[in-house]
Number of protein chains: 2
Amino acid sequence: MARAGVTAERLTLAAAELADEIGMENVTVAALARRFGVKDASLYFHIRNAQDLRVRVALLALAELADRVAAALAGRAGKDALVAFANAYRDYATRHPGRYAAMQIDLDPETAAASAGVRHAEMTRAILRGYRLSEPDQTDAVRMMHSTFHGFVSLEKTGGFRHTPRTTDASWSRALDALDAVLSNWPPAESTDAETAR
Amino acid sequence: MARAGVTAERLTLAAAELADEIGMENVTVAALARRFGVKDASLYFHIRNAQDLRVRVALLALAELADRVAAALAGRAGKDALVAFANAYRDYATRHPGRYAAMQIDLDPETAAASAGVRHAEMTRAILRGYRLSEPDQTDAVRMMHSTFHGFVSLEKTGGFRHTPRTTDASWSRALDALDAVLSNWPPAESTDAETAR
DNA sequence: TGGTTTGCCTAGGAGAGCTAGGCTACTACC
DNA sequence: GGTAGTAGCCTAGCTCTCCTAGGCAAACCA
């Protein structure tokens, strides 16, 4: 009766690998136990429940992504930094579809606040220093950047771009050009507010 | 033994409502059967399996969204049309989170080609006529628009914007301004290609 | 060396997906 | 207007997943 040496960390990593291979929706406690040559009930000694496992995978993915983005960003500024960030992001999502899917689950606020998602947000703001935006434009720009990255990667994965011959790589590159252009020349607030009216 | 009057259409609609109420991941054949006062096995007379049900909900949602977008777009052009499209999209996603989630499932190519997603794509291209873009810029712009919309709505729903005080409505409005600006002044292709080099 | 903790086990219940096969009510046709 | 077919439901029962309770043995620690 040799022990399998299961720990929460090893379970999380194996679950992440499993997610990349067969999709996050097919990652089950039973399947994970099989991979460790152990009964499913045994895993509940290490994880609270199936949802807990998913959250752990999400946190792992967020941390990994933050590391990659940080590495890509080192020594760059301006558009260079923007492109490096974006490519690191898309590359991670493409290489690790299961992990990326796990990142999309709803974390409760305190878990999210303690996650690497915060580092992610900080790095995005750092990029914008090269574009000289002040609040609240900066927040709006951060949100638009994230939306563009996540939306593109997400649609690309679910096949939303399949019906047009144009390669997604080319469109991605042009989207980054467009993003750089609009960040460099962020439009002033509309005339709905009194101070900018007329 | 009065018949419950179950049809595939009524099942799909009920599944969509259920999805909006309790989330798409909790929509189960058993729960749906309960809502109709019928045994779960009986539903397999109308639908092939659980996945078939999800696809039907996705197609329903795509058609509904296309209708709403078409209505919002009537008689508008330029930025007006862009904003109307975007708001109809976001409004639908907010009002029908379950249906919107269903739309994200991977449809096989032929099903997707026969879906209302095609109408959706056509309408997006129609908007861009106001911005006078020619191919392949048009395709790139369509993809960027969709990415921004989907990404924003998706991050908003999973709480990606929660940690900053700025309202999402304001950021959304400014993202549309930015999109209008960049579509009006679409940046030329980079100098990676020979013809534009130097 | 003996006690405690740790890591696995078996057993089992609840709920989900799905198949096979049966019974009944409505429809259609001669 | 009887009868054949079919549409719409049923029960029974299989497999799989998630999870709890309780047991036993290996590892560790005083």
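Here is the naming used below: chain letters follow the sequence lines, and residue numbers restart at 1 for every chain.
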**Q** Name the closest nucleotide to the A:A41 side chain, picking from D:dG8, C:dT10, C:dG17.
**A** C:dT10
**Q** Between D:dC19, C:dG7, D:dT11, which nucleotide has the shortest distance from any of its atoms to the side chain of B:K39?
**A** D:dT11
**Q** Want to know the stems of DNA chain C: at least 3 consecutive Watson-Crick or G-U pairs with distances under 3.5 Å, which are they?
**A** C:1-30 with D:1-30
**Q** Supply the members, apart from A:L60, of the Ile/Leu/Val/Met/Phe/Trp/Tyr cluster built from side-chain contacts under 4.5 Å; use none for a lone residue.
**A** A:L13
**Q** Mind running a 4.0 Å heavy-atom check of residues 18-34 of chain A against DNA chain C and sending the residues that fall below it, in number order?
**A** none
**Q** Nearest to the side chain of A:A50, heavy atoms from C-beta on, is which of D:dC19, C:dC9, C:dT19?
**A** D:dC19
**Q** Just the rounded figure in Å: distance from P of C:dG17 to CG of B:D52.
**A** 13 Å
**Q** I'd like to check the side-chain hydrogen bond (donor to acceptor under 3.5 Å, both in side chains) partners of B:T111; sequence neighbours left out, ordered by chain and number.
**A** B:D108
**Q** Between P on C:dG7 and CG on A:L11, what's the gap in Å once rounded to a whole number?
**A** 11 Å
**Q** Scan B:N49 against the nucleic acid and name what it touches under 4.0 Å (heavy atoms): base, sugar-phosphate only, or nothing.
**A** sugar-phosphate
**Q** Is A:S42 near enough to C:dG7 that one of its side-chain N or O atoms lies under 4.0 angstrom from OP1 or OP2?
**A** no
**Q** Which whole-number value in Å describes the distance from B:I47 CD1 to D:dC9 C1'?
**A** 15 Å
**Q** Given atom CZ of B:F36 and atom C1' of D:dC10, what is their separation to the nearest angstrom?
**A** 17 Å
**Q** Looking at D:dT20, D:dG8, C:dG7, which one has an atom nearest to any side-chain atom of A:Y44?
**A** D:dT20
**Q** For B:H46 and D:dA7, is the shortest distance between a side-chain N/O and OP1 or OP2 below 4.0 Å?
**A** no
**Q** Holding to side-chain hydrogen bond (donor to acceptor under 3.5 Å, both in side chains), I want the full list of residues that pass it with A:Q104, two or more places apart in sequence or in another chain.
**A** none
**Q** What is the distance, rounded to the nearest whole Å, between atom CG of B:D40 and atom C1' of D:dG8?
**A** 15 Å
**Q** Tell me the ring pair (Phe, Tyr, Trp, His ring centres under 6.0 Å) pairs involving residues 48-87 of chain B, sequence neighbours left out?
**A** B:F85-B:H120, B:F85-B:F149
**Q** Only counting residues at least two apart or in another chain, list the ones meeting side-chain hydrogen bond (donor to acceptor under 3.5 Å, both in side chains) with A:S154.
**A** B:H150
**Q** State whether a side-chain donor-acceptor pair under 3.5 Å links A:W186 with B:D177.
**A** no
**Q** Taking atom types as modelled, find out whether B:D106 and A:T158 have a side-chain donor-acceptor pair closer than 3.5 angstrom.
**A** no
**Q** Return the value, rounded to whole Å, for the distance between atom CZ of A:F45 and atom C1' of D:dC24.
**A** 14 Å
**Q** Can you list everything that forms a side-chain hydrogen bond (donor to acceptor under 3.5 Å, both in side chains) with A:R99? Sequence neighbours excluded, please.
**A** A:D20, A:E64, A:H96
**Q** Kindly state each residue pair satisfying ring pair (Phe, Tyr, Trp, His ring centres under 6.0 Å) with at least one member in residues 40-72 of chain A, sequence neighbours excluded.
**A** none
